[in-house]
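Single-structure report; data block below.
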Amino acid sequence: MARILVTGGAGFLGSHLCDRLIKDGNDTLCLDNFFTGSKRNISHLMSHSHFELMRHDVTFPLYVEIDQIFNLACPASPVHYQYDPVQTTKTSVHGAINMLGLAKRTGARIFQASTSEVYGDPEQHPQQESYWGRVNPIGPRSCYDEGKRCAETLFFDYHRQHNLDIKVVRIFNTYGPRMHPNDGRVVSNFIVQAIKGQDITIFGDGSQTRSFCYVDDLIEGFIRMMATEKGVTGPINLGNPGEFTMLELAEKVIKLTSSKSKLVFQALPTDDPKQRQPDITLAKQHLDWEPKVNLEDGLKETIAYFRKLLND
Ligand code: NAD
Ligand code: UDP
Ligand code: UDP
């Protein structure tokens, strides 16, 4: 039985990953400081004999014996990562150093949840892994973008310098049950607003695009990436190439919730990327992976989750 550490394990993606690791028969150590994560996301796992929860902040050293590390700890929504930007950079950078130090000492394979934000506001479309990106180093998103970029640098330097077995994926916008209802991301915002009959907040003119991946598809990609042979380091894009404008997303959410909500237009946040779509050629080649859940089906699951959450 593999002993697997998931940092950020009580968050949206981390809790789904813990579910999958437990289902596959692994000994799973979930670590979280509960900044954006919640015990509710993992409460159903607490009584499982192979599941363990630890309250810890990855910016501090961690000494445990472990075979694999999935490093997911980091707030992911702009509202949350801009709340305490210094802590966000520390989480990515000091967190990466500590987890890489842990991997170095234990010989564990280590996975990094990087992001499409490393491409910034991209000039290349769709984005390939070879694209170096266009990131503002001093703007309000920089704590997240540059923190994640520096974490990638650390991963590749530990790989080259200390021969660490690294796996880096760049995640594109992912949604599904257990997203935080107030985390400000577009899918959760639109669904919560539509269910409550509140105005749907479109930032800018709504013509900017994103490509939305359903959480189950993404987790399958994580598992396949972690199972690749040692030489496969990534970075590999994981996301759904289906690309939509925010106006299209709002229309779909309104239709699927039968909502009477109206659209309102608000200022576009600084440095908001205009378009984003993953090129997933490498994921297909190396992982034999591509997403299976289309946006409408994934939204239905997510809407059902939020309806239940808001009624509880
Ligand atoms: P999330 O906010 O739900 O999860 C992040 C988790 O990390 C939370 O449980 C939080 O409490 C925890 N955390 C934050 N700082 C920590 C610290 N210093 N020490 C320990 N735990 C800490 O977000 P998510 O969507 O589940 O994102 C998980 C990872 O995936 C993040 O690294 C994020 O950058 C990356 N990612 C997510 C997406 C997406 O669309 N969901 C896209 C790109 C990258
Ligand atoms: N570290 C950790 N757990 C370990 C080993 C290391 O948290 O089991 C941390 C420790 O804080 C250290 C960092 O990881 O500073 C980087 O470790 P590395 O061995 O690369 O560097 P060094 O110990 O020389 O600073
Ligand atoms: N967005 C929006 N209304 C909202 C929240 C977000 O129009 O209530 C837009 C946001 O400006 C961005 C897109 O939706 O263009 C995706 O935003 P999100 O915060 O979900 O992710 P990210 O910008 O990090 O990709």
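Given the structure is predicted, the values throughout are model-derived calculations rather than measurements. Just so you know, ligand 1 is whichever comes first in the structure, and atom 1 is the first atom listed for that ligand.
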Which ligand 1 atoms, with their elements, are less than 4.0 angstrom from a heavy-atom of Phe34? 11 (O)
Any atoms of ligand 1 less than 4.0 Å from a non-hydrogen atom of Lys148? List them with their elements. 31 (C), 32 (O), 33 (C), 34 (O)
Under 4.0 Å between a Lys/Arg side-chain N and an Asp/Glu carboxylate O for Arg149 and Glu146? yes
List by chain and number: which residues place a heavy atom under 4.0 Å from ligand 2? Pro61, Leu62, Tyr63, Ile97, Asn98, Gly101, Leu102, Lys104, Arg105, Tyr158
If we count only N and O atoms by modelled type, under 3.5 Å, do the side chains of Arg55 and Asn33 hold a donor and an acceptor together? no
For the 3.5 Å polar cut-off, considering only N or O atoms, please tell me whether Asn33 and ligand 1 meet it. yes
Work out which heavy atom in Phe212 is nearest to a heavy atom in Leu295; give both atom names and the distance. CB-CD1, 3.9 Å
Would Lys39 count as a cation-pi partner of Phe34, with NZ or CZ less than 6.0 Å from the six-membered ring centre and within 45° of the ring normal? yes
Check the pair Gln68 / Arg3 against side chain to side chain contact (heavy atoms under 4.5 Å, CB included), numbers first and verdict last. CA-CA 7 Å; Gln68 294 182 8; Arg3 296 163 303 175; over 6 Å; no
N/O separation below 3.5 Å, Val187 to ligand 3: no
Are Glu248 and Lys252 close enough for a salt bridge, meaning some N to O gap below 4.0 Å? no
Can an N or O of Asn189 be found at a distance shorter than 3.5 Å from an N or O of ligand 3? yes
Less than 4.0 angstrom from a charged side-chain N to a carboxylate O is my criterion; do Glu117 and Arg141 meet it? yes
Atom indices of ligand 3, in the order listed, that fall short of 4.0 Å to a heavy atom of Glu117: 24 (O)
So, Tyr119 versus Gln124: side-chain donor-acceptor pair below 3.5 Å or not? no
Under 3.5 Å, N or O to N or O, is Thr201 touching ligand 3 that way? yes
